[in-house]
Amino acid sequence: MTVRVRYAPSPTGHIHIGNARSALFNYLFARHNNGTMILRLDDTDRKRSTDEAIQSMIEDIKWLGIDWDEGYLKGGPYGPYRQTERMDIYDRYIDILLKEEKAYELYYSEEEIKEIRNEYVKQNKKFSYRYLKETETEERRRAFKENNKGLLPAVVFKVEANKEIVVNDLVRGNVKFNSSEFSDFVIRRTNGIPVYNYATVIDDALMKITHIIRAEEHLSNTPKQLFIYDALNFPHPLFAHVSLILAPDRSKLSKRHGATSVGQYRDMGYLPEALFNYLALLGWSPKDNREFFTKEELISLFTLENVNKAPAVFDINKLTWMNHHYIENLSSGEIIKRAELIGIDFSKKTKEWWVELIDVAKEHLNTLKDIEKIAAPFFEELTFESDVLDELKTYQPVELLKKFKENIASLTEWSMQNTLKTIRQTGKELKIKGRNLYYPLRLAITGSRAGLEIHEFIYFIGKEDTIKRLDKAIKELMKDA
RNA sequence: GCCCUCGUGGUCUAGCGGUUAGGACAUCGCCCUUUCAAGGCGGCGGCAGGAGUUCGACUCUCCUCGAGGGCACCA
């Protein structure tokens, strides 16, 4: 049996981190088993599934490094792969269910149902479509047709009472439900569009999906889907319900927690290989103490047995640490290429200048965006925040700055090595060393507490600018002396 | 309310009846006699609780508690 898995997002914009991990697990599982990865668009929510939304979803998934063999944009033997293009197929099976009396048509509008349901809730009575159907009159049917032009009666699936149903789940074992916990449910709306729990079954069955790997939030609805499999005599697929990714406060990761989409992480300067690696390790473990894996290694190691049952908190700190590692291992040229892709501007200096800068700045970069932070002082006038100035004063650095200016001015051969030598030389002459030597120079020349090593910074801004900056700092310090 | 799932340090995890409970991120300290950062070394910190079963439970069973998810003409 060849493995066939699918990623079936509802394209409503950028891919959510949780969905991205589902896609990732499907992808790894497919590749590990030499199976087929299918991309299907569950776009029955027409309001939200715009063309732009589909575009950014495709961009995100490709950027992350996930590709697929069959489906949207690729075609295949079981198409079309967009639910909105499969309406005739859904209708065909609706007809079968209706004919076999496994479903029924209900002549109530959505609004009417809502009202009735509210009424029932108020009276503490249990709502059921079945009762409505049993008490439905010929008169109501006639009235529905007359009053609801263009609308069809809803189609409701009949749930048989008191049947045990088990979800065969590869990560949770056999999860048992009793059908009496469920009541009849709508499978086709009055507007003719089928509902998720129905459409997904038709698609998964017809597309011969063997393993459904998806988030745990779907587990409780799986019995409903299994009822439909059974009603249509479709063989059950195997399931793998993967735990949710949680925010630091242990609730479901949502917009109020900050960045939650793949696109946002790309724009913040995270590398796809870092996100890929990090996400793979969230809820899955190779049972090994290593942390860094290439895509190929993950593919060869990935199995569903090693998927974790407990939900996992998304930790941006660890992602950032991982990202730093991946950036540091890229060549400076490659880093620039990647950074250009997210719109970082390299036009103010030559390519050579940037490569040289990034060669030494690499180890400071947590994200690609940090390049802007590190480069900013080169393009901005030197200014002093009052607290930085106060701190600088505590070193009483005027003599040091003057001496250093003198030494740097007489430096003939401009190199990183020599700027460092000049600092040491100045220190020796004044008998200052360590933090007392380097830190005031850093504060005076950059106006900032962090960044490149100070001799590197001096090298990159050049002699003239260094002297100008020293003058400015000295002037600032003398002001209220 | 009903149903389902889960529970190892702050976080991600290894462990599948006998371990000084291992690793990583974060945090703290030290070192790198040259700063911040990076790096190296080290420290703090954990089996949710209670009953069983067993010579012996993080590991097996039950209960409690806690967390999350589902119960839509959303997906």
Side-chain angles (χ1 to χ4, degrees), chain A residues 8-12 19 42-45 47-49 83 106 108-114 117 124 126 129 151-152 154-156 167 169 171-173 175-178 180-183 185-197 199-200 214-224 241 243-244 246 248 250-252 278 281-292 306 308-322 324 328 361-366 374 420 423-424 427 433-443 446 448-455:
Chain A
S10 186
T12 56
N19 292 130
D42 282 10
D43 62 340
T44 52
D45 186 347
K47 276 165 277 173
R48 295 194 295 162
S49 295
Q83 291 193 325
L106 189 68
Y108 284 82
S109 72
E110 193 180 344
E111 292 71 32
E112 286 171 314
I113 294 288
K114 272 185 187 148
R117 197 190 291 271
N124 234 328
K126 209 179 163 216
Y129 288 112
L151 288 188
L152 273 42
V155 176
V156 180
V167 179
D169 195 293
V171 349
R172 278 153 222 288
V175 185
K176 299 181 179 78
F177 296 85
N178 188 294
S180 299
E181 291 151 18
F182 300 85
S183 57
F185 56 95
V186 171
I187 55 177
R188 192 176 68 191
R189 305 172 173 96
T190 44
N191 64 9
I193 296 175
V195 141
Y196 168 79
N197 278 319
T200 199
R214 45 148 70 144
E216 194 198 333
E217 56 189 322
H218 293 283
L219 181 57
S220 296
N221 279 324
T222 305
K224 284 186 181 178
H241 287 97
S243 297
L244 260 25
L246 270 27
R250 298 219 139 249
S251 68
K252 215 170 157 183
Y278 177 72
L281 259 30
L282 251 202
W284 172 80
S285 164
K287 315 272 181 201
D288 168 314
N289 281 339
R290 284 192 302 157
E291 299 283 340
F292 292 100
N306 288 354
N308 241 68
K309 293 177 180 181
V313 172
F314 187 84
D315 181 10
I316 195 167
N317 273 323
K318 191 155 186 179
L319 204 213
T320 303
W321 164 77
M322 223 168 224
H324 170 258
E328 209 176 10
K362 244 189 224 185
E363 63 179 70
H364 301 278
L365 299 176
N366 281 327
I374 285 195
L420 178 58
I423 295 174
R424 284 178 175 165
K433 59 180 181 177
R435 186 184 168 90
N436 291 328
L437 172 60
Y438 288 85
Y439 209 61
L441 285 177
R442 166 186 296 283
L443 294 176
T446 69
S448 154
R449 294 187 177 88
L452 294 179
E453 298 216 23
I454 188 62
H455 72 276

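Proteins come first, then strands; the chains are lettered A, B, ... in the order of their sequence lines, and each starts at number 1.
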Out of [options], whichever nucleotide has its closest atom nearest the side chain of [X]:
X      : options             : answer
A/K224 : B/A37, B/C4, B/C71  : B/C71
A/A312 : B/U13, B/A37, B/A75 : B/U13
A/E453 : B/A75, B/U35, B/U5  : B/U35
A/S220 : B/G69, B/U35, B/U11 : B/G69
A/K252 : B/U35, B/A75, B/G69 : B/G69

Would you mind classifying the nucleic acid contact of [X] as base, sugar-phosphate or nothing, using non-hydrogen atoms under 4.0 angstrom?
X      : answer
A/L244 : sugar-phosphate
A/S109 : base
A/Y108 : base
A/L420 : base
A/F182 : nothing
A/R435 : sugar-phosphate
A/H241 : nothing
A/S285 : sugar-phosphate
A/G451 : base
A/E217 : sugar-phosphate
A/L219 : sugar-phosphate
A/E110 : base

Nearest-angstrom distance from the residue atom [atom1] of [X] to [atom2] of [N]:
X      : N     : atom1 : atom2 : value
A/H218 : B/C71 : NE2   : P     : 10 Å
A/L319 : B/C12 : CG    : P     : 14 Å
A/E291 : B/A14 : CD    : P     : 12 Å
A/N308 : B/G23 : CG    : C1'   : 15 Å
A/K126 : B/C3  : NZ    : P     : 12 Å
A/K309 : B/A67 : NZ    : C1'   : 17 Å
A/N197 : B/A75 : CG    : C1'   : 9 Å

Does a donor on one side chain sit under 3.5 Å from an acceptor on the other, for [X] and [Y]?
X      : Y      : result
A/T222 : A/R214 : yes
A/H241 : A/D169 : yes
A/Q83  : A/D42  : yes

(message) Quick test of your reading of the model: are A/E291 and A/K318 salt-bridged, counting only N-O distances below 4.0 Å?
(response) yes
(request) Taking only Lys NZ, Arg NE, NH1 and NH2, and the carboxylate oxygens of Asp or Glu, determine whether A/K309 and A/E216 approach each other closer than 4.0 Å. (result) no
(message) Looking at every non-hydrogen atom in both residues, tell me the closest pair between A/V313 and A/Y278 and how far apart they are.
(response) O-OH, 4.0 Å
Taking atom [atom1] in both [N] and [M], compute the distance separating them and give it to the nearest angstrom.
N     : M     : atom1 : answer
B/U54 : B/C58 : C1'   : 16 Å
B/A14 : B/G23 : P     : 15 Å
B/G40 : B/U8  : P     : 29 Å
B/A48 : B/A21 : P     : 15 Å
B/U35 : B/U19 : C1'   : 44 Å
B/C63 : B/A26 : C1'   : 36 Å
B/U20 : B/C12 : C1'   : 24 Å
B/G15 : B/G22 : C1'   : 8 Å

Tell me whether the OP1 or OP2 atom of [N] has a side-chain N or O from [X] closer than 4.0 Å.
X      : N     : value
A/R290 : B/A24 : no
A/S251 : B/G68 : no
A/K287 : B/G15 : yes
A/R214 : B/G69 : no
A/N317 : B/U11 : no
A/K318 : B/U27 : no

(message) Using heavy-atom distances to pick each residue's nearest nucleotide on RNA chain B, tell me which of A/I454 and A/N191 is more 5'.
(response) A/I454
(message) Suppose we define a pair by two distances each less than 3.5 Å, Watson-Crick or G-U wobble; what does B/A48 pair with here?
(response) B/U64
(request) Record whether the side chain of A/R442 comes under 3.5 Å of the base of B/U35 through a donor-acceptor pair of N or O atoms. (result) yes
(message) Rounded to the nearest 0.5 Å, what separates atom CZ in A/F182 from atom NZ in A/K224?
(response) 7.0 Å
(request) Indicate whether A/Y439 forms a stack on B/U35; treat it as stacked only if centroid distance is below 5.5 angstrom and interplanar angle below 30 degrees. (result) no
